[in-house]
Amino acid sequence: MIRVLLVDDQPLLRSGFRALLDVEDDIEVVAEAADGREGLALAREHLPDIALIDIQMPVMDGIEATRRIAADPTLARVHVVILTNYGLDEHVYHALRAGAAGFLVKDIEPADFLHAIRVAARGDALLAPSITRKLINRYVTEPLHTGVGATLKGLTTRERETVALLAQGLSNDQIAERMVISPMTAKTHINRAMTKLHARDRAQLVVLAYESGLVVPRNR
């Protein structure tokens with residue numbers, strides 16, 4: 001059973017999402033919150049698998065709520081999925097850096113929404129290749145942070161190669177084909193890299209790959 005926490009200041013939207021989720025046999029909405037502070041408290045109380053969090057809310061916004069969830073060791077298994085009206089805006093990038101596993105636009109089709117919940121619950125980054133490419137285009141315009149590169153030295157050559165391909169928007173199957181390995185081996189390399197870099201999920205690996213300079217954009 002996938003346990004979901006809904007955090008949005010619009011009751012009508014929460015009701016709509018809940019109506020979609022409640023009819024699914026493998027998904028349970030465990031709680032609802034109208035702001036980030038309440039959502040954080042409920043996350044600690046219910047320990048959901050997924051926290052669907054709106055970005056712009058009163059009292060505490062979604063970015064701060066995400067940051068606090070990501071920083072709390074007791075909530076390490078909670079995957080934050082950001083809800084936004086605007087797609088790839090500035091807030092989304094801050095949310096991903098704060099520790100979000102991915103994001104959804106609120107006008108998503110119901111079938112895609114349900115699929116996304118299940119993807120996020122597996123621990124996979126909720127970033128389609130097209131979204132990853134847009135992320136890349138945004139991140140490469142920002143200065144690289146110092147200090148992260150030294151951290152990547154702890155990865156093996158194969159792990160670095162896997163992370164680099166992931167950052168280019170490739171799926172497990174595509175990475176496996178490129179590296180001539182099995183998809184399971186590709187997934188193992190990614191999981192080991194996440195452990196070594198203390199990354200919560202694949203979205204964070206993408207961020208680290210670009211901030212560290214592991215992947216260099218063509219236009220630099």
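Values below: every heavy atom of this structure, side chains too, minus hydrogens, waters and symmetry copies.
The heavy-atom pair separating G62 from I53 by the smallest distance is CA-CG2, 3.6 Å. Heavy-atom minimum distance, A98 versus A70: O-CB, 3.3 Å. Across all non-hydrogen atoms, the minimal contact from A120 to V81 is CB-CG2, 3.8 Å. Among all heavy-atom pairs drawn from P48 and V78, the shortest one is O-CG2, 3.3 Å. Counting all heavy atoms, side chain and backbone alike, L104 lies closest to I108 at CD2-CD1, 3.7 Å. For L42 against A31, the heavy-atom pair with the smallest separation is CD1-CB, 4.0 Å.
Here the CD1 atom belonging to I181 is positioned 5.5 Å from the CZ atom belonging to R158, to the nearest 0.5 angstrom. Remark: H79 NE2 to I69 CD1 distance equals 12.0 Å, nearest 0.5 Å. Note that CD1 of I175 is 11.5 Å distant from CD of E177, once rounded to the nearest 0.5 Å. Considering CZ of R18 and CD of E28, their distance stands at 8.5 Å, rounded to 0.5 Å. Note that CG of N172 is 9.5 Å distant from OG1 of T188, once rounded to the nearest 0.5 Å. Interatomic distance, CG of D173 versus OG of S182, reported as 10.0 Å (0.5 Å rounding).
Using a 4.5 Å heavy-atom threshold, the side chains of I55 and D61 count as separate. Considering only heavy atoms from C-beta on, L155 comes within 4.5 Å of L197 through its side chain. A 4.5 Å side-chain heavy-atom check between K196 and T156 finds at least one atom pair inside the cut-off. In this structure, L21 and L114 have side chains that are in contact, with non-hydrogen atoms separated by less than 4.5 Å. In this structure the side chain of L47 reaches within 4.5 angstrom of the side chain of L75, judged on heavy atoms.
When the side chains of ILVMFWY residues are joined at heavy-atom separations under 4.5 Å, either directly or via intervening members, V59 and V7 end up in two distinct hydrophobic clusters. Put simply, L5 and M1 are part of two different groups of oily side chains (I, L, V, M, F, W, Y) that touch within less than 4.5 Å, one to the next. Residues V30 and I27 do not share a hydrophobic cluster, defined by chaining ILVMFWY side chains whose heavy atoms lie under 4.5 Å apart. Residues I2 and F17 fall within the same hydrophobic cluster, defined by Ile, Leu, Val, Met, Phe, Trp and Tyr side chains chained together at heavy-atom separations under 4.5 Å.
No more than 12 heavy atoms of other residues, nucleotides or ligands shown are found within 6.0 angstrom of CZ on R192. Heavy atoms of other residues, nucleotides or ligands lying less than 6.0 angstrom from CZ of R178 number 12 at most.
Sorted by first and then second residue, the pairs that involve residues 5-17 and meet side chain to side chain donor-acceptor pair (under 3.5 Å), not counting sequence neighbours, are D8-K106, R14-E32. Sorted by first and then second residue, the side chain to side chain donor-acceptor pair (under 3.5 Å) pairs with a member in residues 36-50 read R44-D72; sequence neighbours excluded.
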Item to check | Derivation of the side-chain contact (heavy atoms from CB on, under 4.5 Å) call for L83 and L13 | outcome: CA-CA 11 Å; L83 295 168; L13 279 174; over 6 Å; no
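Checking M194, E159, R160, E161 one by one against H189, the side-chain contact (heavy atoms from CB on, under 4.5 Å) holds for a single residue, E159.
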